[in-house]
Amino acid sequence: MGNRMHLESITKEERLERMRHSAAHIMAEAVCEIFPDARLGIGPPIDTGFYYDFELPRALTTEDLPIIEEKMRERIESNVPFEPSQIGKDEARERFHDQPYKLELIDEISDEKVGLYQQGEFVDLCQGPHVQRTGEVSDFKLMSVAGAYWRGDEHNPMLQRVYGALFDTKEELEQYLERLEEAHRRDHRRLGRELDLFSFHEEFGPGLVYWHPKGGRVRTLIEDFWRQEHLRAGYDIVYSPHIGKSTLWETSGHLDFYSENMYSPMDIDGQDYYVKPMNCPFHIQMYKNSLKSYRELPIRLAELGTVYRYERSGVLHGLLRVRGFTQDDAHIFCRPDQVKQEIERCVEFMRFFLGAFDFEQFHVYLSTRDTSGKYAGSLEDWGMATNVLRDVINEQGLPHEIDEGGAVFYGPKIDVKMVDTLGREWQCTTIQFDFNLPERFDVTYIGEDGRERRPYMVHRALLGSMERFFGVLLEHYAGAFPLWLAPVQAVVIPIADRHIDYAEKVGVELRSAGLRVEIDARGERMQAKIRDAQLQKVPYMLVVGDREAEASAAAVRLRSGEDLKARPMTEIIARMKEEGSQRV
RNA sequence: GCCAACGUAGCUCAGUGGUAGAGCAGCGGUUUCGUAAACCGCAGGUCGUGAGUUCGAAUCUCACCGUUGGCUCCA
C-alpha cells in the first residue's frame, strides 16, 4: 500500500509506530525460531512499544525474555529489508494452513487480496507499514509476559503476550524506564503504607479497605467539602440502609442482571436479605414515599453510599478496585423540560470538583446504545438522552471519545476516566440515564394536567467512589497533599528538650486557629525530625529553639525545602489560614 | 475467573536440602543538638496455610489462600 512513501514525508509519530510494529514482527520471528510450532496471534504497536500474542508449547517466563531479546538484536544487526507483497486469500490460507489464528484473520478481510510482510525467512500476515530495514528499529526492552485471551474474549484460548518498550532513541527509552520507577515510588499502595493512610488485611478479606486516622482525616475533609457543595447545588443528602430484602432486588432487576456482582443473601427471620451493590432502589423508595407534583421537580437525592460488590479475585487493585466502597452517588428525578439543564449542571459540577482537586488529565467518553442487544425504554428516549449528553459536552468544549454501543442496557452515559501513575485509566465520574428502574418501580409525578407522568431519572457519581478517587488523588499529588487536605498541616520541632514547653504552646495556638498540628517531642535530633516530617510530606515544619521561644516565633521550613527563617506566630497562622482556605 | 511471577521480622530484602539473617522501624539507655538519618544495647519470625517426598524442608512436589503484572469486567 503506501509503504513506499518517501521517508521525509513520514511524521515522527508514524515512524515510531512503524518501528514498534516492525519490532513486533522481529520478536515473532525470534520466538518462532525458539518454538518452531508457535502459533501467532496479533502483534500491534502500542503507545509505549509493542506486543505480540503467541500460543506456545510451554509457558514463557521472564528468563526467556533476554534470550528472545538477544535473537531480536541479531536480526536488527543483520539489517534485512521488510518486503511487502499481496497474495490472494486462497494462497494465503494455504500458506498459513498451520496458523489457526491467522486463518481467522484472513477470513475477516473483505478484500480479495491480503498483505504480507517478509523479513529474512519470516513472513507475517500484515498490512504494514513497516520500516524499510530491520536495522532501522531503535533500541527496545522486553518488559513482561502476560496472559491475554485471543481477541480479548474470555471464551477463547488464552495466548501468551510479550510486551516490549520501544521509543525513538535510547535516551527516551531510558527516560521511560525511569518514569516507571518514579511511578512505582508514587504508587498509592506504597504511599498509603508509608504515610500511614490505610491498609488491607488480606487474611480477613481481600479488597476491603481499613482507613487509618490520617487517611480518615483526608477522607473526612473531602466528604465535608462534598456535602457543603452538594447542599449549595440544590441536592438533598440522604442515608439509606446497607441491606434490603430480596423483593427489593427482584423488583429492581438486580437479582436478574447483576447477581454475579452481589454477595450471597443472609437469612433474617426466614427471609433473604442482600447487602446493597447500588443505592438506587433505596433512593427510589424515598422518592415514592409521597406523591410528587411536577412543581417539586427536579428532586436530587445524594448519598455517600457504601456498597459491596463481588469483584473477581484477579482484578482487585489497591484502592482502585475494591469489594466495598463508598460512592458519591446521587439520583436526579426531573421533568422532560428539565433534562438538559440537569445534565449541564452535572457536567459543570463534575468540572468544578475535578478542578478543586487540580485534575487536568482526564478522558471523557460518551457511551451510546448497543444496537445488537436488548435495551430498556423507548428509542425516542434514547435518542433524546444521547443528544442531550452529546450537546452538553460539546457546548462545554470537552474533548471526548464516543464509545459506540458501550452503554449499559438501561441508558446512555458519560464516563470520565482518570489516569494513574502507570497511565492506566480508572473510571471515576459517571452520569447515566436510567430508563429501566422508573419503569420497574413505577416512578411517577403528577403533571400539570393532573395525570401521572414518568420522570426522567439520572444516576450520577462525580468522584466515583471515595476509595478510587482517594487512590487516584494520592498518586496525583504523590502524597504531598495541598494544605487544605494535608492530614497533618504542620509539625512543631523543638530543638532540645527544654523547648518542648514552648513547642506545646505553639501547638495550642495553631490548633485553636483550626490547624492540624503535631508536636515531635521525641528524643531525636532536630535533623532527624525534619527528615521524618519531610518524608511524611508535612507542608510546614516549625522549628523552635531558644531564639524563637524568646520572640514568640517559629522558624518555618516548607515541604519544598524552602527556609523562611523565624517568623512571628501571628504571621505563620495568618499565612497558613490563608493558604488552607484555598483549594488547589 | 484465566495466564505468569511472587509470598522469609511492622517495612525493604538476603538465605536454593543440614542450628533462620541484615538494614530501617520498635523498645531500653546515653546524647540535648539550629534545617533530610547521633551512639550503644535489647527484643522481634511455627519462613502464607495444609498435605506429601526425605534421616532432615524456608529450600523439592501438590492443593488451597493471598499479592503483583496482564486479560476480561467495572465506581
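As the structure is a computational prediction, the values presented were derived from the model and not from experiment. Letters A, B, ... are given to chains in the order of the sequence lines, protein chains preceding strands, and every chain is numbered from 1.
- U49(B) and G45(B): their P atoms are spaced 14 Å apart (whole Å).
- A22(B) sits 29 Å from G69(B) when the C1' atoms are compared, rounded to a whole Å.
- With no hydrogens or angles considered, a side-chain donor-acceptor pair links W426(A) and D420(A) at under 3.5 Å.
- Taking atom C1' in both A9(B) and A5(B), the straight-line distance is 24 Å, to the nearest Å.
- Within residues 553-564 of chain A, the residues that have a heavy atom under 4.0 Å from RNA chain B are, in order of number, A555(A), R557(A).
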Give each protein N/O atom lying under 3.5 Å from an N/O atom of nucleotides 3-6 of chain B, with the pair distance.
| from | atom 1 | to | atom 2 | distance (Å) |
| --- | --- | --- | --- | --- |
| C3(B) | O2 | G147(A) | N | 3.1 |

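- Summarising the base pairing, A43(B) is matched to no nucleotide, lacking a Watson-Crick or G-U wobble pair whose two defining distances lie under 3.5 Å.
- When the nucleotides C33(B), U67(B), G34(B) are ranked by their closest atom to the side chain of R498(A), C33(B) comes out on top.
- Side-chain contact check for Q432(A) and Y410(A): at least one donor-acceptor pair (N or O, by modelled atom type) lies under 3.5 Å.
- G7(B) and C39(B) have their P atoms separated by 32 Å, given to the nearest Å.
- Put simply, the side chain of D328(A) gets close to the backbone of L462(A): a donor and an acceptor are under 3.5 Å apart.
- Spacing between C71(B) and G15(B) at atom P, rounded to whole Å, works out to 32 Å.
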Distances for protein N or O near nucleotides 7-15 of chain B N or O, under 3.5 Å:
| from | atom 1 | to | atom 2 | distance (Å) |
| --- | --- | --- | --- | --- |
| U12(B) | OP1 | R193(A) | NH2 | 3.1 |

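- The aromatic ring of Y163(A) does not stack onto the base of G70(B), failing the criterion of a centre distance under 5.5 Å from the six-membered base ring together with planes under 30° apart.
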